[in-house]
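All remarks here apply to the structure that follows.
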Amino acid sequence: MSNPARMNGQPCIRNLRLTVRRVIELLATYSDKEELFQEFPELEEEDIRQALIYASTYLDDQVK
């Protein structure tokens, strides 16, 4: 959800100070999800799923 008064209006995970973009970057950085969850205990599996769904809405799947 985006809030213009928080994190420069970037979409965030729940009410955390983690943007969708940051979560996607973390997924690319941490090959082991357990390590990711240890480093960021506030994250939940559903947060990751929702971030991926949100990011996927910006991809164009039309074949030209």
Side-chain angles (χ1 to χ4, degrees):
M1 176 196 277
S2 296
N3 177 345
R6 180 173 228 167
M7 300 299 287
N8 295 321
Q10 295 182 45
C12 293
I13 301 299
R14 292 182 280 134
N15 286 322
L16 303 174
R17 295 186 61 82
L18 282 171
T19 63
V20 169
R21 178 184 174 148
R22 180 70 175 134
V23 171
I24 300 298
E25 289 172 346
L26 291 171
L27 283 173
T29 303
Y30 287 85
S31 58
D32 181 7
K33 274 192 187 177
E34 290 308 314
E35 186 179 338
L36 170 63
F37 289 133
Q38 286 177 355
E39 192 71 29
F40 295 88
E42 65 275 23
L43 269 180
E44 299 174 1
E45 192 72 42
E46 182 64 13
D47 298 330
I48 291 173
R49 193 175 83 75
Q50 291 295 323
L52 290 170
I53 289 170
Y54 186 90
S56 72
T57 63
Y58 287 93
L59 298 174
D60 184 9
D61 62 358
Q62 293 180 356
V63 177
K64 295 183 181 196

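Throughout, numbering of the chain's residues begins at 1 and tracks the sequence. Reckoned from all heavy atoms, side chains included, excluding hydrogens, waters and symmetry mates.
- Leu18 CG to Gln10 CD: the interatomic distance, rounded to the nearest 0.5 Å, is 11.5 Å.
- With sequence neighbours left out, the side-chain hydrogen bond (donor to acceptor under 3.5 Å, both in side chains) criterion links Gln38 to no other residue.
- Contacts of Glu39 classified as side chain to side chain contact (heavy atoms under 4.5 Å, CB included), with partners at least two apart in sequence or in another chain: Tyr30.
- Here the shortest heavy-atom pairing between Tyr54 and Val20 reads CD2-CG1, 4.0 Å.
- Leu52 meets the side chain to side chain contact (heavy atoms under 4.5 Å, CB included) test with Ile24, Leu27, Ile48; sequence neighbours excluded.
- One distance of note links CD of Glu44 with CZ of Arg49; it measures 12.5 Å at 0.5 Å rounding.
- Atoms CG and CD, from Leu26 and Glu35 in turn, are 11.0 Å apart once rounded to the nearest 0.5 Å.
- Under the side-chain hydrogen bond (donor to acceptor under 3.5 Å, both in side chains) criterion, Glu25 pairs with Arg21, not counting sequence neighbours.
- Taken from CZ in Arg22 to CZ in Arg17, the straight-line distance is 13.5 Å, to the nearest 0.5 Å.
- Legend: residues meeting salt bridge (Lys or Arg N to Asp or Glu O under 4.0 Å) with Glu45, ordered by chain and number and at least two apart, are Lys33.
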